[in-house]
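Let me begin by presenting the structure, written as structure tokens, before commenting on it.
Numbering of residues begins at 1 and proceeds along the displayed sequence.
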Amino acid sequence: MMKTKRMMATTVALLLCTCLHAGDIFVSTRGDDRADGTRQHPLKTLHQALRQARELRRLDNPLTAGGIRILMEGGTYWLDRPVMVRPEDSGTAASPTVIMPLEGSGEVRLSGGIRLEGWTQGTDDERIPADVRPRVWTIDAPIIGGQRLQVRQMELGRLCRATQFNFSSPSADGSNLRMERIISFDRLHRTITIPTPAFLRDGADVPPNLEMLVHQRWATAILRVKVMSVMGDSTVVSFHEPESTLEFEHPWPQPVIGGERGNSSFTLMNAPELMDTAGEWYQDATSGKIYLLAEANANLVKEPPVAPVLTRLLTVCGSAERRVHDVRFENIHFCHSAWTRPSHQGHVTLQGGFAIIDAYKLAVPGLPGKAELENQAWIERPEAAVSVRYAYNMKFVGCRFSQLAATGLDLEHCVRGSSVERCRFNNIGGTALLIGTFPDQGFETHVPFKPLHADEFCDHIAVSGNSVRHCTVEDWGCVGIGAGYVSNLSIVQNEVSDVNYSGICVGWGWTRHRSGMKNNHIDGNHVHDYARQLYDAGGVYTLSYQPGSTIRNNRIGRPANAPYATNERAFCIYFDEATDGFTVENNEMDPQSIGWNKPGPHMKLRNNAEEKAR
């Protein structure tokens with residue numbers, strides 16, 4: 001014990017006589033966490049740098065008066081666990097804690113992935129089509145924590161798991177995206193009938209771990225296949241639990257049969273028999289071996305791909321009693337996070353990527369405050385690579401978020417007086433930026449969220465000057481920027497493009513009642529190339545009563561021609577159920593491009609492109 005105390009005293013003494021004099025702590029990929037954190041002897045990890053900064057705060061050393069900077073030398077920092085920022089790491093307005101690159105040293109990447117090294121070219125696996133086997137590379141997945149790594153994403157946005165119909169890089173009009181229509185949807189027997197796939201026509205066994213992605217209006221479902229019964233040209237498919245019950249009991253959304261533009265569509269995924277396009281890959285769940293059909297000139301030995309390992313890279317987590325505050329991340333690149341939920345329990349969503357954990361149709365409609373409601377649903381929030389809870393004066397400035405398999409950045413609960421400025425989001429599997437409360441777990445999602453204390457809301461958050469591109473890659477039903485129960489939110493001067501559902505969404509609850517949502521502003525944004533696959537969408541999309549809110553001076557392009565939508569319900573601005581309290585003016589958009597669903601009486605629209613066209 002005495003030896004430990006002497007070591008701690010020595011460490012503190014080193015801090016006092018070295019890096020404290022400048023308020024700077026240095027980190028390098030070539031560093032050592034036993035070092036003192038000076039420029040000459042940098043630390044190796046952000047974990048240790050935060051610990052040293054925490055000690056400086058705890059000792060209330062006057063040399064921190066001007067703030068603490070954690071200066072990271074350029075390079076990739078391969079995280080073996082998420083970085084945690086706690087209330088003890090908080091600064092003050094005059095003395096913030098800033099995490100930023102060392103000037104002139106290059107980009108700093110915080111990666112939750114691992115390089116897959118050790119590939120060999122060629123395979124004799126007879127499940128893979130013979131004509132592509134020479135170009136298939138193989139590798140045994142690495143062992144991490146005593147277990148083979150389960151890979152669901154790899155180089156997100158460039159490589160995709162083997163699919164029956166290619167949708168890895170759809171063109172702007174969807175012309176190169178091929179899916180088929182389902183034949184029937186049987187709620188009673190919990191089956192979907194599809195055209196018999198070619199790989200089953202010769203009596204082959206159903207591939208293990210096969211999945212089906214189903215187009216469901218404004219969302220998708222990912223269902224693990226249990227049994228496929230071939231009936232000549234048609235095949236009846238049943239699914240594992242829990243997603244089978246969820247898929248066939250919840251009424252909204254479900255696939256469409258006999259829609260204006262045909263039945264809903266599907267694709268089968270995750271089987272070696274489906275590998276026929278460069279960039280597709282498959283992992284055998286039993287052996288852990290990974291198969292990748294590479295480009296003809298690819299060399300995976302020299303340029304190994306990265307597979308994500310961690311689902312979370314950074315968690316900023318305070319509590320109701322003690323908040324995290326005055327911490328700033330500048331010009332940090334967060335990359336390579338995993339999302340494996342569908343591999344274990346499927347993924348049936350209500351809207352916006354929120355997974356259903358229970359839902360069903362009511363035999364007798366009605367809930368308090370909504371007599372016409374004919375269903376109930378309970379949801380679960382998507383995982384996020386970077387999440388923030390119970391914090392204020394948090395800033396993300398000039399950061400980059402890429403190759404993140406679920407939500408990129410989530411300002412989740414009780415975040416106030418904070419900002420996301422000039423950040424770039426690209427190749428995100430789900431929603432790029434999520435903000436505010438979406439009541440989940442035991443809270444029925446149609447019940448208005450009315451917290452006992454006003455500070456339960458995310459409030460006074462500024463989202464400005466960001467670029468959001470190529471998101472919703474893994475879950476088409478997610479959005480570019482999404483906000484739930486929030487107040488005094490400003491979404492200003494952002495560009496949002498290349499998303500499969502809606503661009504900017506604000507509001508939740510489908511309710512006309514006051515909840516605390518108010519004074520939310522969607523102003524001066526440029527939204528285009530949205531609704532690429534789904535519909536009931538909007539470039540700007542709103543829900544529920546939000547008094548004092550505005551949608552002004554936005555430039556919103558025409559919705560994409562979603563090739564598998566069963567109707568054409570997509571709009572530049574969509575006021576979905578019970579939207580009210582907005583002033584909407586001076587928006588540049590295509591004529592006749594505003595959609596309505598049970599609007600409230602306090603809407604004010606003037607001088608928009610639609611009015612000009614009348």
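- The closest side-chain donor-acceptor pair between Tyr535 and Thr566 falls under 3.5 angstrom.
- Residues Ala141 and Leu149 share a closest heavy-atom pair of CB-O, 3.5 Å.
- In this structure the side chain of Arg148 reaches within 4.5 angstrom of the side chain of Asp140, judged on heavy atoms.
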Distance-only check: which donor-acceptor pairs under 3.5 Å involve side-chain atoms of residues 129-138, not counting sequence neighbours?
| from | atom 1 | to | atom 2 | distance (Å) |
| --- | --- | --- | --- | --- |
| Arg133 | NE | Asp125 | O | 3.2 |
| Arg133 | NE | Ile128 | O | 2.7 |
| Arg133 | NH2 | Glu126 | O | 3.4 |
| Arg133 | NH2 | Ile128 | O | 3.1 |
| Arg135 | NH1 | Ala294 | O | 3.0 |
| Thr138 | OG1 | Thr120 | OG1 | 3.1 |

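- A distance of 9.5 Å separates CD1 in Ile194 from OG1 in Thr267, rounded to the nearest 0.5 Å.
- Between Phe266 and Phe165, the two ring planes are perpendicular [angle over 60°; tilted spans 30° to 60°].
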Inset, instruction - Give the intermediate values and the outcome of side-chain hydrogen bond (donor to acceptor under 3.5 Å, both in side chains) for residues Asn427 and His470. - result: CA-CA 5 Å; Asn427 286 333; His470 201 208; 2.4 Å; yes
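- Around atom CZ of Arg127, more than 12 heavy atoms belonging to other residues, nucleotides or ligands sit under 6.0 Å away.
- Judged by distance alone, with hydrogens and angles left aside, the side-chain atoms of Gln283 form no donor-acceptor pair with the main-chain N or O of Gln150 at under 3.5 Å.
- Judged by distance alone, with hydrogens and angles left aside, the side-chain atoms of Arg109 form no donor-acceptor pair with the main-chain N or O of Phe334 at under 3.5 Å.
- A donor-acceptor pair under 3.5 Å is formed between the side chain of Gln254 and the backbone N or O of His250.
- Relative ring orientation between Phe449 and Phe443 is described as perpendicular, the plane-to-plane angle rising above 60° on a 0-90° scale split at 30° and 60°.
- Taking CG from Asp440 and CD from Glu444, the interatomic distance works out to 12.5 Å, rounded to the nearest 0.5 Å.
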Inset, instruction - With side-chain hydrogen bond (donor to acceptor under 3.5 Å, both in side chains) as the test, would you mind laying out the steps for Ser264 and Arg181 before giving the verdict? - result: CA-CA 6 Å; Ser264 289; Arg181 306 283 181 178; over 6 Å; no
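- In this structure, Phe354 has its ring center closer than 6.0 angstrom to the ring center of Phe438.
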Inset, instruction - In sequence, state the C-alpha distance, the side-chain angles, and the governing distance for Glu474 and Arg341, and then conclude on salt bridge (charged side-chain N to carboxylate O under 4.0 Å, His left out). - result: CA-CA 12 Å; Glu474 287 280 285; Arg341 185 184 198 280; over 6 Å; no
Do any side-chain atoms of residues 404-414 form donor-acceptor pairs under 3.5 angstrom with protein atoms, and if so which ones, sequence neighbours left out?
| from | atom 1 | to | atom 2 | distance (Å) |
| --- | --- | --- | --- | --- |
| Thr407 | OG1 | Glu383 | O | 3.4 |
| Asp410 | OD1 | Arg381 | NH2 | 2.8 |
| Asp410 | OD2 | Arg381 | NE | 2.8 |
| Glu412 | OE2 | Arg389 | NH1 | 3.2 |
| His413 | ND1 | Thr437 | OG1 | 3.2 |
| His413 | NE2 | Glu456 | OE1 | 3.3 |

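- Taking the side chain as every heavy atom from C-beta outward, Ser337 and Arg312 never approach each other to under 4.5 Å.
- Rounding to the nearest 0.5 Å gives a distance of 7.5 Å between OG1 of Thr542 and CG of Asp576.
- Within the 4.5 Å cutoff, side-chain heavy atoms of Pro197 are placed close to those of Thr235.
- Here the side chains of Ser238 and Arg190 are not in contact, with every heavy-atom distance at 4.5 Å or above.
- A donor-acceptor pair is defined here as one N or O able to donate and one able to accept, closer than 3.5 Å; no such pair exists between the side chain of Thr431 and the backbone of Leu433.
- Taking each heavy atom of Ala432 and Val468 in turn, the nearest pair found is CB-CG1, 3.6 Å.
- Remark: Ile257 engages Ile182, Phe185, Asn263 in a side-chain contact (heavy atoms from CB on, under 4.5 Å) (not counting sequence neighbours).
- Between Asp276 and Leu274, the closest side-chain pair of non-hydrogen atoms is not below 4.5 Å.
- For Ser544 (side chain) and Trp510 (main-chain N/O), a donor-acceptor pair under 3.5 Å exists by modelled atom type.
- You'll find the side chain of Val499 stays beyond 4.5 Å of the side chain of Val479, heavy atoms only.
- To the nearest 0.5 angstrom, Leu246 atom CG is 9.0 Å from Gln345 atom CD.
- Note on ring orientation: taking the six-membered ring where Trp is involved, the planes of Tyr574 and Tyr541 are perpendicular (angle over 60°, cut-offs 30° and 60°).
- Contact check on Lys370 versus Glu577 returns a salt bridge, with a Lys/Arg side-chain nitrogen under 4.0 Å from an Asp/Glu carboxylate oxygen.
- Side-chain contact check for Leu292 versus Leu159: some heavy-atom pair is nearer than 4.5 Å.
- Ring planes of Tyr485 and Phe457: perpendicular class, angle over 60° (limits at 30 and 60°).
- Using modelled atom types, one side-chain atom of Glu241 and one backbone atom of Thr245 make a donor-acceptor pair closer than 3.5 Å.
- Salt-bridge annotation for Asp536 and Arg217: absent, with no side-chain N of the basic residue lying under 4.0 Å from a carboxylate O of the acidic one.
- Of all the heavy atoms in Pro439 and Thr445, the pair that sits closest is O-OG1, 4.5 Å.
- Gln351 approaches Trp508 most closely through the heavy-atom pair O-CH2, 3.9 Å.
- Put simply, the side chain of Lys289 does not reach to within 4.5 Å of the side chain of Tyr282, judged on heavy atoms.
- Asn500 contributes a side-chain N or O that, together with a main-chain N or O of Thr472, makes up a donor-acceptor pair within less than 3.5 Å.
- Each of Glu280, Glu211, Gln153 was scored for a side-chain hydrogen bond (donor to acceptor under 3.5 Å, both in side chains) with Arg161, with one residue passing: Glu211.
- Under the rule for a ring-ring contact (aromatic ring centres under 6.0 Å, His included), Phe239 has no partner lying at least two apart in sequence or in another chain.
- Within a 6.0 Å radius of CH2 in Trp78, other residues, nucleotides and ligands contribute more than 12 heavy atoms.
- A pairwise comparison of heavy atoms in Ser234 and Thr193 identifies CB-CG2, 3.9 Å as the closest pair.
- The CZ atom of Arg224 sits 12.0 Å away from atom CG of Leu210, with the distance rounded to the nearest 0.5 Å.
- Side-chain contact check for Glu303 and Trp119: no donor-acceptor pair (N or O, by modelled atom type) lies under 3.5 Å.
- Within 6.0 Å of CD on Glu568 lie no more than 12 heavy atoms contributed by other residues, nucleotides or ligands.
- Taking the side-chain contact (heavy atoms from CB on, under 4.5 Å) definition, one finds that Thr349 meets it with Ala219, His347, Asp475, sequence neighbours left out.
- With rounding to the nearest 0.5 angstrom, the NE2 atom of His446 is 10.5 Å from the OG1 atom of Thr511.
- Here the side chain of Gln533 pairs no donor or acceptor atom with the backbone of Trp476 at under 3.5 angstrom.
- Closest of all the heavy-atom pairs between Ala271 and Ala162 is O-CB, 3.4 Å.
- Of the possible polar contacts, none joining the Glu380 side chain to the Ile356 backbone as a donor-acceptor pair under 3.5 Å is found.
- Under the ring-ring contact (aromatic ring centres under 6.0 Å, His included) criterion, Phe199 pairs with no residue, sequence neighbours left out.
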